[in-house]
Amino acid sequence: MKRNKRLSVALHVLLHMAERPDAAMTSEEMSTCAGTNAVVIRRTFAGLREAQIVSSLKGHGGGWRLVRPLSEITLEDVQRALDERVVTSPSTHNESPGCLIEKVIHLALDDAVAEASRVLDRRLATITLADIAADVYRLDRAISSTPKDDKY
């Protein structure tokens with residue numbers, strides 16, 4: 001299974017936006033934070049705007065802002081707003097279209113992936129972006145307080 005790039009970009013930028021609650025961020029600023037193109041940001045954030053996670057204002061002084069506090073936005077909310085899964089399953093390409101064994105295996109895998117997705121969605125609904133931000137803060141403090149070895 002591989003992770004979804006658009007979702008990763010959105011989560012990354014949303015956390016940066018939270019660091020500037022009183023200032024809008026332009027698509028260009030957001031793209032710099034995420035290491036992507038501003039067009040990717042605008043396309044990605046359109047779904048977040050429709051889900052009322054962010055708002056946007058065009059023109060001078062415009063940009064994107066969080067509409068809700070991080071404590072009210074879950075990973076499931078973002079996943080649903082983007083219509084993207086946190087983890088995607090590999091495609092079940094039929095190597096042998098007429099093979100009954102392959103069809104049954106794909107059905108079994110599809111059922112397993114669907115069940116795993118339901119469990120994952122329930123868990124994602126309990127993790128807020130505030131939780132993620134707190135973990136980033138703790139990790140940053142731990143890294144910052146680690147003594148540096150000046151011998152080299």
Side-chain angles (χ1 to χ4, degrees), residues 1-95 106-107 109-150 152:
M1 292 189 182
K2 71 179 206 180
R3 293 179 188 259
N4 181 291
K5 174 95 171 124
R6 280 183 56 215
L7 186 64
S8 295
V9 165
L11 293 170
H12 188 102
V13 173
L14 288 168
L15 292 175
H16 278 289
M17 291 173 74
E19 294 174 339
R20 301 172 41 176
D22 297 328
M25 285 185 79
T26 66
S27 300
E28 289 74 23
E29 291 171 312
M30 295 162 74
S31 68
T32 300
C33 291
T36 191
N37 188 291
V39 173
V40 172
I41 295 296
R42 287 189 286 273
R43 287 181 184 154
T44 300
F45 272 64
L48 297 173
R49 182 180 50 227
E50 290 172 18
Q52 298 178 348
I53 293 172
V54 297
S55 63
S56 64
L57 184 62
K58 294 181 182 182
H60 182 69
W64 299 87
R65 292 180 184 266
L66 285 169
V67 174
R68 297 186 266 162
L70 294 184
S71 60
E72 294 179 14
I73 305 168
T74 68
L75 292 178
E76 169 60 12
D77 293 334
V78 177
Q79 172 182 263
R80 193 175 334 106
L82 297 177
D83 195 25
E84 300 274 342
R85 306 292 306 160
V86 168
V87 178
T88 57
S89 62
S91 66
T92 52
H93 173 70
N94 288 335
E95 297 291 326
H106 284 223
L107 288 172
L109 291 175
D110 290 347
D111 286 347
V113 168
E115 182 180 342
S117 291
R118 286 189 295 273
V119 171
L120 180 59
D121 290 347
R122 283 193 301 271
R123 177 68 176 111
L124 294 177
T126 69
I127 303 170
T128 67
L129 295 191
D131 298 331
I132 302 296
D135 288 345
V136 169
Y137 177 75
R138 276 192 292 279
L139 182 59
D140 182 53
R141 289 199 55 202
I143 291 170
S144 298
S145 66
T146 303
K148 308 292 186 259
D149 187 355
D150 294 334
Y152 299 100

Quick check: does any side chain N or O of [X] sit under 3.5 Å from a backbone N or O of [Y], one acting as donor and the other as acceptor?
X	Y	answer
His16	Met30	no
Arg65	Asp22	yes
Asp140	Tyr137	no
Asp131	Thr128	yes

Return the minimal non-hydrogen interatomic distance between [X] and [Y], and the atom names on each side.
X	Y	value
Ser56	Arg49	OG-NH1, 2.9 Å
Gly62	Ala24	O-CB, 3.8 Å
Arg42	Ser27	CG-OG, 3.2 Å
Arg68	Asp77	NH1-OD2, 3.9 Å

Would you indicate whether the side-chain heavy atoms of [Y] and [X] approach each other to under 4.5 Å?
X	Y	result
Leu14	Ile53	yes
Leu11	Leu129	yes
Phe45	Val13	yes
Val78	Leu7	yes
Val40	Arg43	no

- Query: Between Arg138 and Asp135, is the closest basic N to carboxylate O distance under 4.0 Å?
  - Reply: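 Yes.
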- Do Arg80 and Asp83 meet the salt-bridge criterion of a basic N to acidic O distance under 4.0 Å?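 Salt bridge absent between Asp83 and Arg80.
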- Query: Checking side-chain contact (heavy atoms from CB on, under 4.5 Å) for the pair Thr36/Ile41: CA distance, chi angles, key distance, verdict?
  - Reply: CA-CA 8 Å; Thr36 191; Ile41 295 296; 3.9 Å; yes
Quick check for you: to the nearest 0.5 Å, what is the distance between [X] atom [atom1] and [Y] atom [atom2]?
X	Y	atom1	atom2	value
Glu72	Gln52	CD	CD	12.0 Å
Thr26	Trp64	OG1	CH2	11.5 Å
Glu84	Lys5	CD	NZ	12.5 Å
Leu15	Leu66	CG	CG	9.0 Å
Leu48	Ser55	CG	OG	11.5 Å

- CZ of Arg20: more than 12 outside heavy atoms within 6.0 angstrom?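 Count over threshold, so yes.
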- Mark yes when over 12 heavy atoms from residues, nucleotides or ligands other than Glu28 sit less than 6.0 Å from its CD; otherwise mark no.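 It does: Glu28 CD has more than 12 such atoms within range.
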- Message: Assess, by modelled atom type and distance only, whether the side chains of Thr126 and Arg123 contain a donor and an acceptor separated by less than 3.5 Å.
- Response: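 Result is yes, a qualifying pair exists.
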